[in-house]
Amino acid sequence: MACALGLLAARTGRRTLLVELEPVGAVASSFGSAPLRFEPAEIDPGCWAMAMDTEASLAEYLRLYVKLPVLGRLGPLARTFEFVAQAAPGVREILTIGKLCHEVRQARFDLIVVDAPASGHVIELLTAPRVVHELVRVGMVRDQTAWMLDIVERPEQTGVVVVTTPEELPVNETLEMVGRWQRETRIGVAAVIANRVLPEPFGRLEETVFERLAMAEHRDLVRAHLGPGAGIAIEATRWAVARRRLAAQHLARLRQGVPSGMAPVLLPDLNLRTGGRRLVTQLAEHLDAELDVVPR
Amino acid sequence: MTTSARVEGGLAGICATRDLVVVCGAGGVGKTTVAAALALEAAVEQGGRVLVLTVDPARRLADALGIQALGNTETPVPLAGRVGSARGELWAAMLDPRAGWDELVTRHAPDVATRDRLIGNPLYRDVTGRFAHSHEYLAMERLHEVHTSGRYDLVVVDTPPSTHAIDVLDAPGHMIDFFESRLLRWLTAPARSPLLGLASRPFYQVLDRVLGARFGEDLAEMFGLLALLRPGFVARAEQVRQLLADQRTAYLVVTTTEDVAMAEAGRLAGELEDRRTPPAAVVVNRGTPQNLRRSLKPGAVRDFDDRNNRSSRTVELAASLEVPPEVLASVLVEMARRLEDLSGFVEREQQRLREAQQLAPVVCRVPTLDVDVSELDTLLHIGRSLWRGAPGSAD
């Protein structure tokens with residue numbers, strides 16, 4: 001989804017940076033590009049991508065802001081950093097957010113899309129500057145977190161996009177997440193996207209006809225006309241209808257559960273055998289149709 | 001081979017012969033549900049006390065079990081009247097990181113004063129409570145504590161999504177490295193000297209410049225206090241590491257038929273292999289319903305298409321059913337599409353099952369439920385498919 005958002009932004013004239021936080025390489029494999037590095041690379045016209053590396057982020061930070069005379073001795077520093085980062089894990093989060101905010105401030109890109117870690121971890125990540133800000137009362141880091149907060153906690157600058165699927169547990173989790181963002185953080189939820197929404201197989205009239213066709217007493221008649229495959233075709237269709245009904249219930253819960261004015265954006269189940277660029281491109285097109293993005 | 005005796009009987013065999021089952025996989029493949037279903041089924045079928053423990057901070061286990069809330073304390077899941085007849089008991093717990101750390105510090109601190117100072121350190125609270133990554137070691141500590149307590153015959157543990165799953169397994173090693181490292185000794189060495197305060201070390205002076213005076217002092221104090229806990233921590237972390245590598249611990253990789261999930265499963269299986277704890281089983285979740293799989297014949301899609309392309313038949317059938325022929329025609333087009341989807345699902349699933357067999361000796365398929373059932377019933381249904389095993393693609 002992050003790739004599709006990035007691609008859509010790029011294709012509507014925004015210089016976009018896609019950031020991958022986890023070392024899985026999903027962005028690179030979606031675009032069929034070489035593995036990402038800390039230095040952004042252009043993977044599609046107007047769309048750049050980078051992989052987060054907290055150590056590189058620290059080096060950049062020290063070089064740009066602290067101007068500490070340690071440049072020649074980064075080796076031992078990196079080891080110390082590893083050590084401190086293990087004991088005080090907030091350090092990594094701060095360096096991640098710090099790099100993202102740095103890119104926002106540099107304004108090399110119009111939009112930065114971050115492929116965030118799984119839901120339980122992302123709140124800790126984005127609230128790290130606030131935690132450290134409240135922890136550290138004076139000094140350089142407090143100044144640093146102050147400008148980060150100015151970016152992260154301003155809804156015009158930063159927004160969280162919550163992606164879910166119309167299934168029971170993902171919807172429960174999404175509702176809980178949206179609630180937590182609103183209760184526990186000062187960070188705005190920009191949109192809720194429900195992905196893999198199954199299409200409605202039938203209109204009302206068609207449904208009546210299908211029900212009639214599927215009636216047990218018509219079994220022999222239907223088989224005589226449609227062949228021995230009719231039975232399994234009916235079962236397959238019933239399954240699709242049942243899945244759609246179940247999904248519709250979960251979507252209804254999602255709609256009711258999110259704050260008013262934040263109607264979930266629905267994206268269809270594309271059911272493509274392979275993921276990759278084709279999936280991302282199609283998702284981006286559907287997103288465009290749903291959101292009606294104004295080109296720049 | 002001794003392992004062949006173990007894998008007999010699929011997951012039932014694994015649950016019967018192992019003490020600990022670690023469930024891993026990509027995010028969103030249904031790990032939590034599979035863990036809960038497996039634990040439930042083991043409790044119902046094999047008896048004894050079974051605990052399902054989640055380290056996923058997303059808190060989905062209570063949902064799956066249909067109970068109100070889960071905390072750090074192990075809670076019995078009421079089974080009476082909800083399942084036919086259960087031979088054993090099911091317990092569930094979720095890891096609350098803050099309470100966990102306090103327990104840990106209490107256990108390893110040489111005295112009450114050290115404990116109180118550490119718990120009172122302003123950094124301690126935030127470091128241990130609010131950042132996600134401190135979950136990992138604690139999760140494994142807790143696992144060890146629960147395992148050695150002898151309170152349970154089987155513990156099933158649900159892990160965070162796979163990038164973090166490996167972190168979890170590496171956590172005891174990291175903890176040992178941390179406490180044994182020369183850096184910690186260097187950073188905390190002056191604490192032994194009453195003449196020189198810890199915070200006067202050059203390292204902390206730099207930190208003070210960057211972070212502000214209090215922060216450096218607090219950090220120095222925290223390191224100093226943590227160093228006092230070293231012997232207990234190291235010994236325990238070593239035991240935890242051994243538990244994770246033990247023969248009686250089984251790893252279960254959960255995936256779906258999707259590309260991303262399957263790629264993650266492969267990566268995870270490889271990493272487990274590298275650690276010499278290869279996965280005992282792979283569960284392919286969200287498969288096609290059993291009855292649909294069984295009745296789908298090869299060539300069904302083509303046959304159905306051929307038939308309903310003849311419009312005369314459609315008109316005749318419409319007349320017999322007393323429905324408008326054009327509506328029937330569009331229904332048939334839709335049915336053909338759904339049949340094609342189904343055939344695609346089944347084909348992909350077969351391929352996935354073959355791939356899964358390369359990863360582990362036991363492969364289990366869990367079909368999607370085509371009925372809407374309540375939480376515990378759902379788990380029981382899933383548990384049954386896990387138990388029956390449907391090993392391999394023969395099913």
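Residue numbers start from 1 in every chain, and the chains themselves are labelled A, B, ... in the order their sequence lines are given, proteins ahead of strands.
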Distance-only side-chain donor-acceptor flag, B/S330 / A/E206, under 3.5 Å: yes
Selection from B/S295, B/G30, B/A263, B/A300 maximising heavy-atom pairs under 4.5 Å formed with chain A: B/S295
Non-hydrogen atoms of B/L321 and A/L221 that approach each other most closely: CD2-CD2, 4.0 Å
Residue B/T288 versus chain A: region with a heavy atom under 4.5 Å: both
Spatial distance of atom CG (B/L342) from atom CD (A/E235) [nearest 0.5 Å]: 10.0 Å
Point-to-point distance, once rounded to the nearest 0.5 Å, from CG of B/L332 to CZ of A/F210: 10.0 Å
Spacing of OG1 belonging to A/T237 relative to CG belonging to B/D341, to within rounding of 0.5 Å: 9.5 Å
A/A240 to B/R338 - nearest heavy-atom pair and separation: CB-CD, 3.2 Å
Distance, nearest 0.5 Å, that separates CE of B/M335 from CG of A/L226: 6.5 Å
Point-to-point distance, once rounded to the nearest 0.5 Å, from CZ of A/R238 to CG of B/L292: 10.5 Å
Proximity breakdown for A/F202 and chain B, heavy-atom pairs closer than 4.5 Å: side chain
Interatomic distance, A/I234 atom CD1 to B/L339 atom CG [nearest 0.5 angstrom]: 11.0 Å
Heavy-atom closest pair, residues B/F304 and A/A233: CE1-CB, 3.6 Å
Contact origin within A/H225 toward chain B - heavy atom pairs under 4.5 Å: both
Side chain, backbone, both or neither of A/R245 within contact of chain B (heavy atoms, under 4.5 Å): neither
Residue pair B/V323, A/L213: steps toward the side chain to side chain contact (heavy atoms under 4.5 Å, CB included) verdict: CA-CA 9 Å; B/V323 296; A/L213 183 81; over 6 Å; no
Contact origin within B/R286 toward chain A - heavy atom pairs under 4.5 Å: side chain
Contact leader toward chain B among A/E167, A/R196, A/E207, where contacts are heavy-atom pairs under 4.5 Å: A/R196
